[in-house]
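Values below: all heavy atoms of this structure, side chains included; hydrogens, waters and symmetry mates excluded. Chain letters run A, B, ... following the sequence lines, proteins first and then strands; every chain starts at 1.
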There are 2 protein chains.
Amino acid sequence: MTGSGAHGGGRRTMGTHPPDGRPSAVDRVVATVRSGVRDGRFAPGQRLVEADLMRELGIGRNTLREALSRLSSDGLVTIAPHRGASVRRLTRTEVEQLYELREVLEGLAARLAALHINTPGHRDRLLAALDAVQETARTAEMPQYIDENLRFHRTVVEMSGHTRLLELVDQLQLQTFRVQFRSAAAHDRTGMRGFSVSEHQSLAEAILAGDAEQAENIMRTHLRHTGSSILQLPDSDFA
Amino acid sequence: MTGSGAHGGGRRTMGTHPPDGRPSAVDRVVATVRSGVRDGRFAPGQRLVEADLMRELGIGRNTLREALSRLSSDGLVTIAPHRGASVRRLTRTEVEQLYELREVLEGLAARLAALHINTPGHRDRLLAALDAVQETARTAEMPQYIDENLRFHRTVVEMSGHTRLLELVDQLQLQTFRVQFRSAAAHDRTGMRGFSVSEHQSLAEAILAGDAEQAENIMRTHLRHTGSSILQLPDSDFA
DNA sequence: AGGACGAGATTGTAGGACAATCCAGCGAAG
DNA sequence: CTTCGCTGGATTGTCCTACAATCTCGTCCT
């Protein structure tokens, strides 16, 4: 999500603001940096110097600082006193811990999703998401496949009906996106896709059957697999 | 942990080593508002007007806005566009969801704490925390008892060695503090203290025994009890 | 060479300005 | 009398400038 979006020539004459229908300047900056981190325009460890970003994005310092502050709360960048912001680089331990969190949180989400499976529209949404994953698993390139993959997970969390949980999981997914990408690229020829797809399928079946216990278990197992596959990456992929 | 900005907010100014002596102005404001919400100086729903707080705290608008922004990411205040910040009021559903989160997160913490029980110093810290709870349960007034109670939970989470988990749980505890307080006050004469204390004791025993499974179960059960006791509060305590 | 020193870069904070937006109160219309 | 629309004040969103504090790094002196 947060697709490339059409943000044309950024530095229009300041002064005029979009007619509120839409994101505040801070929101736009946050979204821009987020997607920038996602698609590698900002590399992990890279420093984000205020003056540069101000020029680049055509915004004032307050706005930028508020955006960076928010990104830091989300864990996507770190801010060191008097040294400024930089794109966060995760250590191996941190990745491990993030996956421990995803395990319990998305496990809860799967459980709740199973409990709410009879909410109108839920069945269709889940089936559609599963279909999309299976389709892109066969045909699409890696970036798209990963995207669809995350969307499937996100759908499950949305179906939990737990707004706070959705926020937390979104954060965690964003933070783990880069390493997840590298891991997926590295394991792609070892049949990982098929394995992952089959886990997704069993998960969907459990949820559709309303089997909360089973859904939670599958989700947790699945994330444990994903996590440990990521942890096999060489040291160069961590801080 | 009342007041004293010992743990500066999110992962913002946490250099690995403390090269800077004092908390930044933003940190001080965040800590001030936090403790203000805790001890009722700021009531839930109350609006936090920038001009007032600027005068009251003697700081500039940038600093204040950055602090409010961070507090909003922590979920302690809400910021509505063009309406500013106000102390967050939780709905019944939100409280329920927060306790679902605490259940899985602190459950994980208890499990990890049990696994790490042999780390030097851990046994003593846990025993000290348990002792403090039991002591204040007998002798102290409600605010102090609740404080010690939270400190006990926090100790368990610290012993998990999972820094991100600690941050999340801290957030959740802060958000639920208010209702937790009212609930405790309401149930105090129904022997709730003794019940809670005995659960804490079994939890400590399970952790000390290194029984991760049992520790997680007790923690989760305990939080489920706490949560449902809070949900018995009348509607007037919710948004 | 090694360490002290200073110049430039960068951030932290204050404070002013102005447009956009919200809100309460008032008056007109039904 | 109630409802609707308008206006003016209050408040926020964003920009800007300024300056002190702090960090970085190259230079110079011993």
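B:Arg83 has no side-chain polar atom (N or O) that falls below the 4.0 Å cut-off from OP1 or OP2 of D:dT12. Contact annotation: B:Thr63 side-chain N/O to C:dG12 OP1/OP2 distance is not under 4.0 Å.
Nucleotides of DNA chain D nearest to A:Arg47 and B:Gly84 differ in position, and the one nearer the 5' end is that of B:Gly84.
Residues satisfying the salt bridge (Lys or Arg N to Asp or Glu O under 4.0 Å) criterion with B:Asp124, sequence neighbours excluded, are absent altogether. Under the ring pair (Phe, Tyr, Trp, His ring centres under 6.0 Å) criterion, B:His116 pairs with no residue at all, not counting sequence neighbours. Every residue two or more places apart in sequence or in another chain that forms a ring pair (Phe, Tyr, Trp, His ring centres under 6.0 Å) with B:His153 is listed here: B:His200, B:His222. With sequence neighbours excluded, no residue forms a salt bridge (Lys or Arg N to Asp or Glu O under 4.0 Å) with B:Arg28. Every residue meeting the side-chain contact (heavy atoms from CB on, under 4.5 Å) condition with A:Asn62, not counting sequence neighbours, appears here in chain and number order: B:Asn62. Remark: B:Arg89 pairs with no residue by the salt bridge (Lys or Arg N to Asp or Glu O under 4.0 Å) rule, at least two apart or across chains. When the side chain to side chain donor-acceptor pair (under 3.5 Å) test is applied to A:Thr136, no partner is found at least two apart in sequence or on another chain.
Look at CD on A:Glu50: it is 15 Å from P on D:dT17, rounded to the nearest Å. With rounding to whole Å, B:Leu68 atom CG is found 9 Å from D:dT12 atom P. Rounded to whole angstrom, the span from the CG atom of A:Asp27 across to the P atom of D:dG13 amounts to 11 Å. Note: CD (B:Glu66) to C1' (D:dG13) measures 15 Å, nearest angstrom. Remark: P of C:dT13 and CZ of A:Arg65 are 7 Å apart, rounded to the nearest angstrom.
Heavy atoms of other residues, nucleotides or ligands lying less than 6.0 angstrom from CZ of B:Arg92 number more than 12.
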Taking only nitrogen or oxygen atoms into account, show me every contact under 3.5 Å that the protein makes with nucleotides 18-22 of chain D, one pair per line with its distance.
| from | atom 1 | to | atom 2 | distance (Å) |
| --- | --- | --- | --- | --- |
| D:dA18 | N6 | A:Arg61 | NH2 | 3.4 |

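Within residues 52-60 of chain B, the residues having any heavy atom closer than 4.0 Å to DNA chain C are, in order of number, B:Gly58, B:Ile59, B:Gly60.
Side-chain proximity of B:Asn62 to the nucleotides C:dA14, D:dG13, C:dT11 is greatest for C:dA14.
A salt bridge links B:Asp27 and B:Arg70; the closest N-O separation between the charged side-chain nitrogens and carboxylate oxygens is under 4.0 Å.
Nucleic acid contact class of B:Arg28 (heavy atoms, under 4.0 Å, all strands): none.
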